[in-house]
Amino acid sequence: MWIGILLYFTLLIGLRYKVGGDTINYMGDYYWRVPLSQWKYSVLDKFQPGYTLLCALGKSISPDFYVLQLLHSLILNCAIGIWIYKNTKYIFTSFMAFYLSSYLYFSTEILREALAIMVFLFNYKNIEKKSWIKYYLGVIISCCFHLSAVILFILPFLKKVQFNKTYILLMICALIGSILSIRVIQSLSTIIVLAEKAEGYVGVTTGMMAGGYKLMITTIFPICFGYIATYKRTREIKFEWMIGIMGLLGIMALFNSIIFGRFSNYFILFFCVSFGTTIIQWFKTQSQILRNNAFIFSLCFIILFGIGFKMYNKYTLWVPYYSIYNPTDINREYADKMLLNR
């Protein structure tokens with residue numbers, strides 16, 4: 001059944017036609033890509049070499065974009081399926097949590113960053129083994145797909161993060177640090193090469209409602225889950241420190257969601273697996289309190305992430321669905337623009 005689900009989603013996503021806002025942008029870029037025999041990386045290319053190499057491989061097979069889609073979907077779904085299977089026995093609940101929170105976003109919007117995150121999923125074990133050479137080589141590979149992976153360079157230094165009294169102090173530090181970091185980014189405008197990008201990042205806002213919603217799903221909800229799940233250190237949860245870092249990044253995203261909000265993408269799957277595993281364990285205990293907690297958290301999770309599909313009609317990025325067998329042109333980019341402008 002697990003293999004069947006992964007195969008279904010591989011074909012569903014891989015054979016889509018203009019489903020997803022950024023997918024349309026990637027389609028336009030793919031038109032200009034060259035086959036593998038002509039591929040060479042240029043520092044002037046706006047995309048990283050890992051992705052352009054994958055494009056070259058797809059272009060060697062066919063000039064049609066759906067070939068790249070299939071390759072990307074196959075890599076994504078295989079990586080997610082194997083990693084979830086290796087990290088929890090509650091694979092279906094964990095995948096459902098990921099589907100509701102981020103799956104469509106990963107598979108149709110952040111194509112390059114999703115590949116960087118997939119590399120990190122399997123590189124994570126090197127942190128636990130303290131194999132630092134292997135880990136940092138893995139981080140470099142992640143950066144070859146998306147530069148947001150630079151956040152992974154400092155990750156090993158944050159391994160002691162826990163949901164305790166010290167975490168409150170870390171939250172305050174994150175708040176102060178985010179304010180200072182914006183000033184650093186603004187100072188980059190004095191460097192001609194980085195001026196345009198720095199000004200673009202600092203100037204982008206998502207509006208109070210969208211910003212508040214992002215804060216809820218990436219910070220408040222995960223932190224509440226972490227504190228309650230590890231109440232007075234009487235219980236442990238999987239990937240506690242990763243969820244803690246995700247919460248800190250959510251706080252920093254208050255000041256610039258484009259920069260710090262993207263970093264949270266590297267931690268969401270860890271949160272979903274931890275959440276799915278813990279919720280089922282609570283449901284299976286004899287404690288009425290834990291079963292009640294499981295019900296409340298499950299309901300809140302469904303409501304919170306369900307709202308994301310309706311917010312500013314964002315669901316129109318994926319609905320209606322069209323495949324390469326019934327191609328239909330439809331404008332799907334406006335939903336993301338509405339989200340950014342409000």
**Prompt:** More than 12 non-hydrogen atoms from neighbouring residues, nucleotides or ligands closer than 6.0 Å to OH on Y321, yes or no?
**Reply:**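 Check passes, neighbour count above 12.
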**Item:** Over 12 foreign heavy atoms within 6.0 Å of CZ, F295
**Value:**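 Open: at most 12 neighbouring heavy atoms sit under 6.0 Å from CZ of F295.
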**Request:** Would you kindly check if the NZ (Lys) or CZ (Arg) of K310 is within the cone defined by 45 degrees around the ring axis of Y315 and under 6.0 Å from the six-membered ring centre?
**Result:**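 No.
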**Prompt:** So how far is it from D29 CG to I24 CD1, rounded to the nearest 0.5 Å?
**Reply:**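 Interatomic distance, D29 CG to I24 CD1, rounded to 0.5 Å: 14.0 Å.
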**Request:** Using modelled atom types only, decide if a donor and an acceptor are shared between the side chain of S101 and the backbone of F98 within a distance under 3.5 Å.
**Result:**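 It does hold such a pair.
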**Donor-acceptor pair, side chain of T285 and main chain of W282, under 3.5 angstrom** =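 It does hold such a pair.
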**Asked** Between W83 and L269, is a side-chain contact (heavy atoms from CB on, under 4.5 Å) present by the stated rule, with each step listed?
**Response** CA-CA 10 Å; W83 189 82; L269 193 48; 3.8 Å; yes
**Request:** Taking all heavy atoms of G14 and all of S73, pick out the closest pair and write down the distance.
**Result:**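 Reported closest heavy-atom pair: N-OG, 3.6 Å.
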For a quick check under 3.5 Å, do [X] and [Y] share a side-chain donor-acceptor pair by atom type?
| X | Y | result |
| --- | --- | --- |
| T218 | S264 | no |
| D329 | Y17 | yes |
| D45 | S42 | no |

**Request:** Evaluate the ring-ring contact (aromatic ring centres under 6.0 Å, His included) criterion for residues F267 and W241: first the C-alpha distance (whole Å), next the side-chain angles of each, then the deciding distance (0.1 Å), finally the verdict.
**Result:** CA-CA 10 Å; F267 305 91; W241 70 287; 7.9 Å; no
**Asked** Given M242 and L155, is the side-chain contact (heavy atoms from CB on, under 4.5 Å) satisfied, shown in steps?
**Response** CA-CA 9 Å; M242 297 289 281; L155 202 58; 4.3 Å; yes
**Request:** Applying side-chain contact (heavy atoms from CB on, under 4.5 Å) between F92 and each of I280, I84, I5, report the one that passes.
**Result:**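 Only one option passes, and that is I5.
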Return the orientation label for the [X] and [Y] ring planes: parallel under 30°, perpendicular over 60°, tilted otherwise.
| X | Y | result |
| --- | --- | --- |
| F275 | F271 | tilted |
| F297 | F221 | perpendicular |
| F270 | Y124 | tilted |
| Y167 | F163 | tilted |

[X] versus [Y]: any side-chain heavy-atom pair under 4.5 Å?
| X | Y | value |
| --- | --- | --- |
| L111 | F145 | no |
| R235 | L290 | yes |
| K238 | T278 | no |

**Asked** Testing E113, H146, R112 for side chain to side chain donor-acceptor pair (under 3.5 Å) with Q48, which one passes?
**Response**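 In the set E113, H146, R112, the residue that makes a side chain to side chain donor-acceptor pair (under 3.5 Å) with Q48 is R112.
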**Item:** Sole candidate of F305, W318, F309, F9 that passes ring-ring contact (aromatic ring centres under 6.0 Å, His included) when paired with Y103
**Value:**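 Testing each of F305, W318, F309, F9 against Y103, the sole residue satisfying ring-ring contact (aromatic ring centres under 6.0 Å, His included) is F9.
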